[in-house]
Amino acid sequence: MAQCVQFVEEFVQDSFVPMVAVLCSEEAERATRKNNLNFTELLRPFCRLTSEGHIRDPNNQLQVVKNLRICVNNVMTNPNTASAALSPAQRRLLNEVVLSCQPQEGAVTNVITAGDYNLNFNATTPWFKAYRENFLQTMPASDHEFLNHYLACLLVVSSTEAVPVEQFLKLSQEQHRIQHSGEYTNPKWFIPNTLKYYVLLHDMSEGDEQRADVLYEDMKQRYGAQGCYLLKINSRASSTAEDEQIPDPWSQYLHRNNLQNQVILPAVFDNQHFRPKQYFAGHNANGVSNSLESHPLQLDEGSGMGALHTLSAANTDVKKGARDPESTAGGAGSHGVCLTLNDHDHIRQFIQEFTFRGLLPHIEKNIRQLNDQLVSRKGLSRSLFTATKKWFGGGKGPEKSVHEPKSTCGLLYPPEAPELQIRKMADLCFLVQHYELAYSCYHTAKKDFLSDQAMLYAAGALEMAAVSAFLHAGAARSYPAHYMDTAIQTYRDVCKNMVLAERCTLLSAEILKSQGKYSEAATLLIKMTSEDSDLRSALLLEQAAHCFINMRNPMVRKFAFHMILAGHRFSKAGQRRHALRCYCQAMQVYKERGWALAEDHINFTIGRQSFTLRQPENAVLAFKQILTNDSRQMATQQAAFLREYLYVYKVTKVFNHVSSLPMLPLPCIHSSATRVYFGHERRLAEGEKQAATHVSLDQDYDQDLAAMWCHLEEQLVASANRGTVPVNFQQTQCCLNSQTDNLRHPLAVVEEPMIVELTFRNPLKVSLALSNLSLLWRFTPDAASPSKEKMPEEFMGETITNEETLALGVGQQTANLMVVRGKQDLMIQGPRLNQTKEDKMLVRHGPDRRLDPIITPNMPLMEVFFLHFPTALLCGEIRKAYVEFCNVSSVALSGLRVASTHPDFFTFGSQATTPVTPLSPTSAKNCSAYKTLATVNQPGSVAFEVLVSAEDFSQLSTVVEIPIEGNVLEPGESTQLPLWLRGPDQEGVHEINFLFYYESVEKGTKISHRVLRHTVFICASRSLSVQASASRSSVPPHHCQDDKGCSGTLVVIDVENINTSESGVREFHIVQVSSSSQHWQLHKCINPARDKDCKLTSRERAKLCFRAKRCKPHQGSSYRKKHNHHLKSQDPSEDKASDLNNIVKKCNELDLNIIVIWKAFVVEDNKQLILEGQLHVALQTIGKEDFSLVFLLPKCLCGHVLLFQEAQEMVLLKFKSEQPPPVVVPSAELSQLIKTNLHYPETYTHPFVQNSLCLVPVTLTLSNCSPAHVDIIVDLRHKSTSPESLEVHNSFNWVGQTQYKLQLRPEEVLCLTLQACFIQAGVYNLNTPRVFAKPAEQGTMCETSQQTSSPALIIINNA
């Protein structure tokens, strides 16, 4: 609960104080009105005593009275009689009291942290305190209690009267008539013998002071020294009042008094009419909702704007006279202008004299009389005071419940009833702070009232007994809260008196919260809420909310919920400022917590209340929150919200006379998704021309692709800068988004457009019509201050986007369309920093400068077009296309280069080197990919040899310089080059990327270069599958007819047509087989069907066999110096120290590249076309098969070609390719160190009848294939156990020497003559010798068998 400035004890004491009436003569009133005050107002600031008083109880014990306050009022005979409810005038008074007390700006606030909630609310609630004080002071007097009955009456007469004594007599008679005539029910008097205190008022500025002293002496003789007083005031003239500043202690009391004096107030303050009729739709005249099932935010029927229109027209200002104290009875000007500080002391001394010498003795005397009367009437043997020890010291407690009475009306006691005398004595004791005796009397009276079923009296006795027990500091028992609960229940349910029940609740709640019992206090306050008073319910609900938040474990959500209820009741009571405050405090709990509907309700109410209170900015902000949050409302409700917002928005703009564009909440802009594109949009295809794809807003950002483009650009930049990438290199980014690097300012070129893509999101279920969207920007020239915001049409070419303006409309029909114009800032939050320790501990974000480009001077701009660029190719197919380069800028460009992810896919040509040659009359549109040269026919299909330079044949770099004339492309010029394409070796769809690079001829610009991207997709279909393998020739060198002394290698090429005929391919022709190798050449075709044309239809296969031989030294000598890294030393002495792996590697290395050129005959649209292509197979190792799957870079120095059917040589196209993979070293077997060969007759006839033993000579040839000395062991005792050998006869033996130990020099050939002995005819396998070999330097290595697995069959016939 909100903190109270007063202590609880002081508050309870001030709630029940002695009442003193005042009757003044006209002259006395005239004297006091010089100070703009009446007599009671003059005394009010001094009614609290600063010194202690004393009385003696019936047992003659001295009791101290501390901090006593008295209440002085004029005698009013016209108030209404006591009732169970407040009168309309009292309700209006309390309404105005609360309305006039608002939170002060900069007031002290409480900050409470409960869990993850941080709440900030008012530390005090002065409006509740003011309501409580005024409520207690304006309570009508009741007959069942005497606390607010008058104990004394001050008779005030001026000293300027002719005969003051007569005036005293008249006033005394008037008081007696009012009290005892029976004509007036009010005011009520405590006892019949009311104390009359005579006051002679002397005006120092007018009257004779001496005469006043004489009159006072006469009064003391007549009324006694303790019954009269001379009060001197107005010690200075009003004309000198401005010369001296005197404190004004009356202002805080007079404002409250002025409110009480309002008799006629406007009807707007009535509880039923204080709010506009349309304020809360769905409520009847009693304030009760008549549509419980309706939406809590449902608007009035008809136009949704009706309610808000009514609000804007409603007059919420209270009548000035009701708030301004200077316009009421107090008069205008300052108060106490004729009083000095001495006069203040005189008044204070008068109150003290009256209380100590008149009022307290009068009360003491009446307590003794009442005690004596009660003792004598009831025949008690002892006074009530002596019995209090029993009740306070312990014993049986009072009843905790009230039996149901027989009648709700109860009894009415006569004034002289003993029960009322006990209550009267209890009230007197309570007023003079004798709480022990008061509790005893209340307790006794409570029992009597309950026994008589006088429930109203019993409830009053219970209430005051509980208060007395709380205020009695030395009491042994605690505060009896059940007394208060019983009293409240009786007042509310039995007696139907909500005024007394409310007073009891206010007292009990303050007592409970002082004891830390906030939960019980909140429950008590909530129970007192009802529909009969919205203001009371609102205040009590607010206090209950404060109880929840001040508990040991704060109940935050209960606090917020009850603040919402309090705000709703405040709104019904017409207290819009308090309602707005309650909703704002509750919003702290519900905001961004997932309570979507509750948040909408609170924001909607805050918006309406703020608009009604002429706070349009706050109203716009509240409605904005409803629209920007992810609302769960229905579409109709959202449309109503939007209409309310648009209306408030327009009214606010007119009201504030705003010329600049205000901020709009809708539609929501996803700022981080903003994309910025620099440059012109690419032109689409023009006829047969296909423009480069480059970068567009239609493309999604891919991190892997971005890295690939960056890598290509780095290669291009390095190529242009002599192989090194500059330190200040920045990747070219044409399209910026949330995933790109935006820490640096992007560079834009003057007179080139920038495109900004925004992502809008409509969080509502209502359509929004956007129109007239434009971009605002600011441009800052070098060494200049920022310019104003400009529209793009004002200065084209400087459109630096940082804001967005839009017109927002909503409505079903054109007539209902509401259009507002505003703007939205594009504020993009950068990435979170995570570098330093501070960055990791805190949440810091780096800059995002994608919307802050730097404008640079003119740069060249190139466009690239492709002509006849295919989308589908056969694997290995060669196709010609054209590429056109256009300079569309005003600056010349140079340094044109291109890099690609597939450098083997293309190569550039020129008109000089690539003449157009039609292949056939039916394919005149095509041109051959090859240059045809005439050659001399050589018999036996011997290869034709052509020497090709390495520089012309291969390009190791993936960056290609584009050959344009003069290496410069002037502004407006264009050039066209042929582009040869080769289909990929693997079928499927291939993505091929090109990155074109160019520079400006002017150096020193901020942008060093520009790039252009292009991506194509090629669908590769199957063509031919080429499988090749190489093996060592078994023919001894001396048997070679072509080149004696040469060691040959057999190359077997297996070609298969794997085309599925879906592309219309009828057949493939193998036109040419070529080798491109540094060490080998195709020497001769040994294919048996050499004279037949090699044609392959679908799924056909062909096997081609060639003899390959090493190149002669003179063939590579001219290139050896230039390309030493391609050649290896052949000196055996240099390899003696090599290990076994090097020996094996050198022995098995082949490095032979096979190129197969083919033609395909295709039928398309009843026309025959001829397609050309070439496939590549790289043979790296002898005995290992390779396929035409990957195109390897040739390292050739000479090209060797074998022709079929045509005696012409095809010059190969020069395609770049990837580097070949390293040669794989075979496993640690030495089977290839020595090559063995058996020479014997295929058939041998022997007469076994004449000679049973048949001896056949066999020659075993051993060839050292390695460049080192090799030790050899030949063992003839081995019997083969292989399955192939078992199928033939093997019952033969070698005769003669059966084991040989030899050593062969590098590349030496040795022949051994052996003899095989057969005993019968048959087929025999002679491949049984076991050959072991090891390098001569490897002594520790075991010898390895060199036996081959192929059988050597001989047929022995019987003659």
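Residue numbers run from 1 in the order of the sequence given. These numbers come from the heavy atoms of this one structure, side chains and all, not from hydrogens, waters or symmetry mates. Bear in mind the structure is a predicted one, so any value in this text is a computation, not a measurement.
Shown here are the side chain to side chain donor-acceptor pair (under 3.5 Å) partners of Gln1315, two or more places apart in sequence or in another chain: there are none. Every residue was checked against the side chain to side chain donor-acceptor pair (under 3.5 Å) condition with Glu1308, not counting sequence neighbours, and none meets it. Every residue was checked against the side chain to side chain donor-acceptor pair (under 3.5 Å) condition with Gln1299, not counting sequence neighbours, and none meets it. For the side chain to side chain donor-acceptor pair (under 3.5 Å) test, no residue two or more places apart in sequence or in another chain qualifies with Asn1358. The salt bridge (Lys or Arg N to Asp or Glu O under 4.0 Å) test applied to Glu1100 returns no partner, not counting sequence neighbours.
Although no hydrogens or angles enter the test, the distance criterion places no donor-acceptor pair under 3.5 Å between the side chain of Thr1313 and the main chain of Thr1259. Counting only distance, with no hydrogens or angles, the side chain of Asp1271 and the backbone of Lys1334 share no donor-acceptor pair below 3.5 Å. Although no hydrogens or angles enter the test, the distance criterion places no donor-acceptor pair under 3.5 Å between the side chain of Asn1057 and the main chain of Leu1024. Remark: the backbone N or O of Glu1056 is not paired with any side-chain donor or acceptor of Arg1099 at under 3.5 angstrom. Checked by atom type and distance alone, the side chain of Tyr1240 pairs as donor or acceptor with a backbone atom of Leu1353 at under 3.5 Å. In this structure, Asp1054 contributes its side chain and Gln1027 its backbone to no donor-acceptor pair below 3.5 Å.
For the pairing with Tyr1300, the side-chain contact (heavy atoms from CB on, under 4.5 Å) check across Leu1262, Leu1260, Leu1310, Leu1276 returns one residue only, Leu1276.
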Side-chain polar contacts of residues 1242-1250 - donor-acceptor pairs under 3.5 angstrom, sequence neighbours left out - could you list them?
from: His1246; atom 1: NE2; to: Asn1251; atom 2: O; distance (Å): 2.8
from: His1246; atom 1: NE2; to: Leu1253; atom 2: O; distance (Å): 3.1

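Considering every non-hydrogen atom in both Ile1053 and Val1055, the closest pair reads CG2-CG2, 3.7 Å. Minimum heavy-atom separation, Gln986 to His990: O-NE2, 2.6 Å.
Using a 30° and 60° split on the angle between ring planes, Phe1318 and Tyr1324 fall in the tilted class, from 30° to 60°.
Interatomic distance, Arg982 CZ to Glu877 CD, rounded to the nearest 0.5 Å: 11.0 Å. The distance from the CG atom of Leu1050 to the CZ atom of Phe1106 is 12.0 Å, given to the nearest 0.5 Å.
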